[in-house]
2 protein chains.
Amino acid sequence: MKSPSQPRDRGIPDATVARLPLYLRALHGMAERAIATVSSEDLAMAAGVNSAKLRKDLSHLGSYGTRGVGYDVEYLVYQISRELGLTQDWAVAIVGVGNLGRALANYGGFVSRGFRVAALVDADPEVVGDDIAGLNVEHIDELEAVIKRRGVSIVVLATPAAAAQEVCDRVVAVGVTSILNFAPVVLSVPDGVDVRKVDLSIELQILAFHEQRKAGGPLMAVDSQ
Amino acid sequence: MKSPSQPRDRGIPDATVARLPLYLRALHGMAERAIATVSSEDLAMAAGVNSAKLRKDLSHLGSYGTRGVGYDVEYLVYQISRELGLTQDWAVAIVGVGNLGRALANYGGFVSRGFRVAALVDADPEVVGDDIAGLNVEHIDELEAVIKRRGVSIVVLATPAAAAQEVCDRVVAVGVTSILNFAPVVLSVPDGVDVRKVDLSIELQILAFHEQRKAGGPLMAVDSQ
DNA sequence: ATCCCTTTGTGAACCGACGCACAAAGTCAG
DNA sequence: CTGACTTTGTGCGTCGGTTCACAAAGGGAT
């Protein structure tokens, strides 16, 4: 079709990586609506970013656009998916099957993106053995065995804060290097292990800050005493 | 107690605001363990950040430390809480009571930080009327009425993607200016409305990217870092 | 084949955030 | 009261990311 764009510079900026899933989502929507080609302007609009930023982001992957035309939707979906590693199947284990763990287990957004919930683990004898989202909840004592047996490479921590570090240490010890942490604690991990954290309460606090400023901003100097 | 702390600069960097909840959490832990005073070094350690960054962050709020000693834990908790607006009570409505909405409704981390789940709303007649976390689920037709009646100022969207924009428009129309969006869509809102988004699938995709790179590392020329 | 129009890919200026390193400020012992 | 020691608050160099603006590249019409 065109000159073989090489596998590209492996040094993709973090900020770009964080946006690729956004573009991918927008592109999936377009593919569903049978849109064959899209301009950086339109795609940027759909993803809620600046078009120059989008073009620069995509340029990190290679030269996949056609000047005067835009980007081929299908082709771009494939390239981004490959770059993100979504063309392979990732086995995910969820540790902690409380309210949140349960919700995550049932969340459809994972499966549709190449992620497969391969195991549920909990410490509470009350839930161990239960069937959730078609999976049997296994005991925390089996943690290491389950991870190895199922080929789990990404662990989602949905445990209480107090248990998170210990579970983290154990999964790292058996070779897991990617962790998504929902527990409200700062995990300490060795170099080479990636931890991403999602803290619902923090998001609300940030909103509250801005809300407060909006409410008090116009007139009040906000009672500093 | 000490020199009058001036009304701090109203222009606190976003990056700083995003970290304040982190410091606050660490400080709460210390207060529980009856630690009266903490140095920037120790607090930074507990929060997982650089100590110079922490000092600079805190300096945006005012001069609340004592040279040679550190920061008074209680005092700092109060100052950060006030800055974030956590000294007041925020009424939160959760729209969409599926797996995720339910988990959020039961999540304890909200209440403990000055947030109060004041309403649950859903469109499914099957769940409307149910009692969840001590709250009655109300019908989406009542959305505007409920928001006004309960004084809701922050809305959490846990609806399916397809419904999110419409709900968003409606809550914005009745004056809500702070939204926490869990639906995998880019919301468009007028100026002055803050939207923060949490997308679980995006976090996993970012992890997958790094994991893939690590996996390919030993053989491929990846450790260019 | 040539010209015009569209859109990409990127050079370069700008902006904010990070972290080092240090002077200023305060404590505490004697 | 003085001097040694600790820790804050910040000036400044650096770096990564964002945005503008435009030359280069390709398509399509005539």
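In what follows, chains are A, B, ... by sequence order, proteins preceding strands, each numbered from 1. Just so it is clear, the model here is predicted, and its values are computed rather than measured.
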If you round to the nearest 0.5 Å, how far is CD1 of A:Ile80 from CG of A:Leu84? 7.0 Å
Which atom pairs, donor and acceptor, lie under 3.5 Å between side-chain atoms of residues 195-202 of chain A and protein residues at least two apart or in another chain?
{"from": "A:Arg196", "atom 1": "NE", "to": "B:Glu203", "atom 2": "OE1", "distance (Å)": "2.5"}
{"from": "A:Arg196", "atom 1": "NH2", "to": "B:Glu203", "atom 2": "OE1", "distance (Å)": "3.2"}
{"from": "A:Asp199", "atom 1": "OD1", "to": "A:Ser201", "atom 2": "N", "distance (Å)": "2.9"}
{"from": "A:Asp199", "atom 1": "OD1", "to": "A:Ile202", "atom 2": "N", "distance (Å)": "3.1"}
{"from": "A:Asp199", "atom 1": "OD2", "to": "B:Arg25", "atom 2": "NH2", "distance (Å)": "2.3"}
{"from": "A:Ser201", "atom 1": "OG", "to": "A:Gln205", "atom 2": "NE2", "distance (Å)": "2.8"}

At their closest point, which heavy atom of A:Ser188 faces which heavy atom of A:Asp169, and how far apart are they? O-OD1, 4.2 Å
Nearest heavy-atom neighbours spanning A:Ala91 and A:Gly151: CB-O, 3.6 Å
What is the nucleic acid contact for A:Ala15, judged by heavy atoms within less than 4.0 Å: base, sugar-phosphate only, or nothing? sugar-phosphate
d(CG, B:Asn50; P, C:dA21) in whole Å: 12 Å
Could you pull out all residues at least two apart from B:Asp194 that satisfy side chain to side chain donor-acceptor pair (under 3.5 Å)? A:Lys214
If you look at every heavy atom in B:Leu187 and B:Gln165, which pair is closest and at what distance? CA-OE1, 3.5 Å
Please find the pair of heavy atoms, one from B:Glu41 and one from B:Ser51, that lie closest to each other, and give the distance. OE1-OG, 3.4 Å
Within residues 34-44 of chain A, residues whose heavy atoms come under 4.0 Å of DNA chain C: A:Ser39, A:Ser40
Side chain of A:Arg150, backbone of A:Ala93: donor and acceptor closer than 3.5 Å? no
Rounded to the Å, how far apart are B:Arg55 CZ and C:dC18 P? 14 Å
Looking at A:Tyr71, does any N or O in its side chain come under 4.0 Å of the phosphate oxygens OP1/OP2 on C:dG9? yes
Can you tell me if CD on A:Gln88 sees more than 12 non-hydrogen neighbours from other groups inside 6.0 Å? yes
Span of DNA chain D, from the first to the last nucleotide whose atoms fall under 4.0 Å of chain B heavy atoms: D:dT6 to D:dC12
Rounded distance (Å) that lies between atom P of C:dA17 and atom NZ of B:Lys53: 11 Å
Which value, rounded to the nearest 0.5 Å, describes the distance between B:Tyr23 atom OH and B:Leu58 atom CG? 6.5 Å
Could you tell me the separation between the CG atom of A:Asp14 and the P atom of C:dA17, rounded to a whole number of Å? 17 Å
Taking only nitrogen or oxygen atoms into account, show me every contact under 3.5 Å that the protein makes with nucleotides 11-14 of chain C, one pair per line with its distance.
{"from": "C:dG11", "atom 1": "O6", "to": "A:Lys56", "atom 2": "NZ", "distance (Å)": "3.2"}
{"from": "C:dA12", "atom 1": "N6", "to": "A:Lys56", "atom 2": "NZ", "distance (Å)": "2.9"}

Rounding to an integer number of Å, can you tell me how far A:Tyr64 OH sits from C:dT7 C1'? 19 Å
Donor-acceptor pair between B:Glu211 and A:Ser153 side chains, under 3.5 angstrom: no
Give me the atom names and distance for the closest heavy-atom approach of A:Gly48 to B:Val186. CA-CG1, 4.1 Å
Distance check, rounded to the nearest 0.5 Å: A:Leu104 atom CG versus A:Ile94 atom CD1? 5.0 Å
Rounded to whole angstroms, how far apart are CG on B:Leu54 and C1' on C:dA17? 15 Å
Using a 4.0 Å cut-off on heavy atoms, which residues in residues 187-195 of chain B reach DNA chain D? List them by number, or say none. none
